[in-house]
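First the proteins, then the strands, lettered A, B, ... as listed; each starts at 1.
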Number of protein chains: 2
Amino acid sequence: MQYSSGDGGLGGQVEEAAYSPALPRDVSSPCVSCDVRTQAVCAVLSDEELNGLASLTQTNTYEVGDTLFFEGDTAGACFIVQGGALKLYKLLPDGRRQITGFLFKGDFLGMTPVEEYGYTAEVLEPVKACSLPSEKMQALVETYPKLSNRLLNLASMELAVAQEQMLLLGRKTAQERIASFLLWLSRRAEDRGESANPVRVPMSRGDMGDYLGLTVETVSRSITKLKTSGVITLKEGNRIEITDLDMIEAIAAGDGA
Amino acid sequence: MQYSSGDGGLGGQVEEAAYSPALPRDVSSPCVSCDVRTQAVCAVLSDEELNGLASLTQTNTYEVGDTLFFEGDTAGACFIVQGGALKLYKLLPDGRRQITGFLFKGDFLGMTPVEEYGYTAEVLEPVKACSLPSEKMQALVETYPKLSNRLLNLASMELAVAQEQMLLLGRKTAQERIASFLLWLSRRAEDRGESANPVRVPMSRGDMGDYLGLTVETVSRSITKLKTSGVITLKEGNRIEITDLDMIEAIAAGDGA
DNA sequence: CGGAAGATTGAAATTACTCAAAAGGTGTGG
DNA sequence: CCACACCTTTTGAGTAATTTCAATCTTCCG
């Protein structure tokens with residue numbers, strides 16, 4: 001069974017928000033010069049506002065297998081991913097697992113309408129993330145209406161993705177699920193400015209299965225079938241090349257063979 | 001195939017927001033005295049704010065099979081359900097259907113982060129709903145920060161429900177799905193102040209299947225099995241009585257037999 | 001180089017699906 | 001009020017997709 005390892009919470013290596021004095025003057029706070037500033041939640045905040053924010057946040061790094069938090073934990077903070085990859089999942093008592101999402105650079109997590117986290121967040125590839133205590137976040141939302149608008153927008157987009165995933169889980173065949181997933185991975189990579197076509201696949205077959213409602217074996221067989229029919233090619237370094245885009249799109253849409 | 005009938009859009013019977021002059025003075029606007037005012041989005045608005053709102057909204061009624069809008073339509077308005085029941089669904093090109101949610105009194109729908117609706121909204125039981133043009137909604141959100149907070153909260157709750165549904169669709173057995181669904185229906189009925197235990201089931205077996213990722217036959221067989229094992233009893237009027245709450249909860253949680 | 005984890009492939013088992021028919025309900029019109 | 005037609009639900013039998021169990025192969029690290 002794959003219960004997560006890791007330090008069980010906020011135990012990454014702490015990297016103080018305070019800055020080295022050797023940096024240029026105009027970079028008055030780490031948030032202002034943050035890598036993901038333009039994509040993340042904070043995109044709507046001005047330089048001055050970000051300066052205030054910096055003192056409330058803490059940037060940590062996490063290793064593969066670490067968890068930012070567990071399903072059921074009291075929600076203490078929310079996070080912005082600055083780099084790396086995470087998987088979010090829910091478990092059934094007997095260990096069956098459903099991954100509800102994969103997160104990358106710029107993504108936001110940890111907001112919950114209730115007091116407890118609704119899923120576990122586990123590191124897939126070494127993560128750098130900044131965290132903000134829930135109360136501070138709450139206060140910020142009250143202070144800056146545009147932040148709440150931004151979060152509403154993000155939540156709405158997440159919801160649309162979740163509904164698309166319901167369609168996939170409820171009604172698509174194994175083949176269609178894999179095709180949809182590879183296309184999604186490719187588009188997300190493109191959004192991040194990474195290679196869309198030979199697309200890097202940072203998760204295991206098991207993780208793919210737990211995301212798509214399939215077993216490892218079915219994932220493997222479906223991928224083999226796509227490979228055999230010339231739709232994709234497996235490249236070294238866990239990368240997959242889409243060799244017939246029209247075909248894989250047709251399959252993903254449920255219009256395939 | 002069950003493509004929806006109906007008038008294809010905003011064609012319900014219009015009931016003007018203007019009020020009959022015979023009503024008490026203090027009820028200055030229909031929104032202030034609205035049935036669902038305390039549950040719906042508008043719960044966060046004051047009387048004065050609601051007065052302004054009333055002139056922007058229109059209340060319509062819709063018959064069974066009508067659609068408020070179709071997946072892919074340009075989003076023109078959002079809606080608050082004042083009574084009745086709706087199903088929201090997405091279709092694959094070959095007609096496979098996934099219901100993403102059932103909506104009841106007090107629920108809100110029609111907000112989208114993109115220009116098009118992401119699902120079709122079809123009437124299950126005669127609906128009374130008020131609608132608000134998308135631009136007006138957008139303007140309201142900008143004007144009243146608390147409204148955007150409220151919407152964020154609603155979206156977060158919806159998202160949590162969607163993630164729970166992913167777990168159900170990806171990892172639960174037919175039996176577990178039915179048990180989970182009946183419990184959910186029962187709890188929602190309770191929230192609305194209706195009978196939670198003999199719970200009314202307003203949707204067909206087919207709709208249940210399209211929500212739970214099952215076929216009609218599997219839904220029917222699973223219900224029969226729950227009935228046979230004494231967990232539920234089918235009552236007249238499409239109602240189901242939960243006769244062994246502990247058991248159905250255990251099954252729903254994946255901890256059953 | 002060796003060992004462990006992940007991925008693939010094969011064969012058998014199972015769950016849910018498909019096709020088909022009967023039973024139960026509901027509403028309409030005679 | 002009954003009869004008929006239509007639609008939904010249930011039940012049955014066979015099928016198919018995916019899972020399960022098992023073995024082999026590959027990759028990645030130490």
Side-chain angles (χ1 to χ4, degrees), chain A residues 1-5 63-65 87 92 94-98 124-126 168-179 200-228 232-240 251 254 256-257, chain B residues 1-2 5 63-65 87 92 94-98 124-125 168-179 201-228 232-240 251 254 256-257:
Chain A
M1 224 176 301
Q2 308 196 37
Y3 285 105
S4 38
S5 60
E63 295 310 310
V64 174
K87 58 188 175 196
L92 288 175
D94 62 1
R96 278 175 285 174
R97 187 174 67 153
Q98 180 65 38
L124 206 62
E125 291 192 311
L168 179 150
L169 291 168
R171 291 305 183 208
K172 289 188 181 177
T173 65
Q175 193 81 183
E176 292 165 351
R177 294 181 201 197
I178 297 290
R200 214 168 48 83
V201 181
M203 62 289 290
S204 70
R205 300 291 187 259
D207 286 341
M208 289 176 60
D210 282 344
Y211 184 56
L212 301 173
L214 302 169
T215 58
V216 189
E217 295 92 332
T218 302
V219 169
S220 181
R221 277 186 255 265
S222 300
I223 288 179
T224 300
K225 202 167 157 199
L226 285 176
K227 186 180 62 176
T228 306
I232 61 172
T233 309
L234 272 61
K235 316 279 265 188
E236 56 116 51
N238 291 322
R239 289 173 315 132
I240 292 184
I251 295 172
Chain B
M1 223 176 302
Q2 307 194 39
S5 61
E63 295 310 310
V64 173
K87 58 188 175 197
L92 288 175
D94 63 1
R96 277 175 285 172
R97 187 174 67 154
Q98 179 65 39
L124 206 62
E125 290 191 311
L168 178 149
L169 291 169
R171 290 304 182 211
K172 289 188 182 177
T173 65
Q175 193 81 181
E176 291 165 351
R177 295 180 200 199
I178 297 289
V201 181
M203 62 289 291
S204 69
R205 299 289 186 261
D207 285 341
M208 289 175 61
D210 282 343
Y211 184 55
L212 301 173
L214 302 169
T215 59
V216 189
E217 295 92 332
T218 301
V219 169
S220 180
R221 275 185 255 265
S222 299
I223 289 178
T224 300
K225 202 167 158 200
L226 285 176
K227 187 180 61 177
T228 306
I232 60 172
T233 309
L234 272 61
K235 316 279 266 189
E236 57 116 53
N238 290 322
R239 288 173 317 132
I240 293 183
I251 295 173

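The line from OG1 of Thr218(B) to CD1 of Ile178(B) is 9.0 Å long, rounded to the nearest 0.5 Å.
The closest donor-acceptor contact from the side chain of Thr228(B) to the backbone of Thr224(B) lies under 3.5 Å. Gln98(B) places a side-chain N or O within 3.5 Å of a backbone atom of Tyr211(B) that can act as its donor or acceptor partner. At least one donor-acceptor pair closer than 3.5 Å links the side chain of Arg177(B) to the backbone N or O of Leu169(B). In this structure a side-chain-to-backbone donor-acceptor pair under 3.5 Å is present from Arg96(B) to Arg171(A).
Note: CZ (Arg96(A)) to C1' (dT19(D)) measures 13 Å, nearest angstrom. A straight line from CZ of Arg171(A) to P of dA17(D) spans 16 Å, rounded to a whole angstrom. In this entry the distance linking CZ of Arg97(A) with P of dT19(D) reads 15 Å, nearest Å. In this structure, Leu212(B) atom CG and dC17(C) atom C1' are separated by 16 Å, rounded to whole Å. Note: CD1 (Ile178(B)) to C1' (dT9(D)) measures 13 Å, nearest angstrom.
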Contact pattern, 5' to 3', of nucleotides 7-16 of chain C - B, S or - by protein heavy atom under 4.0 Å: SBBBB----S

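Side chains of Val219(A) and Ile223(A) form a contact here, defined as non-hydrogen atoms less than 4.5 Å apart.
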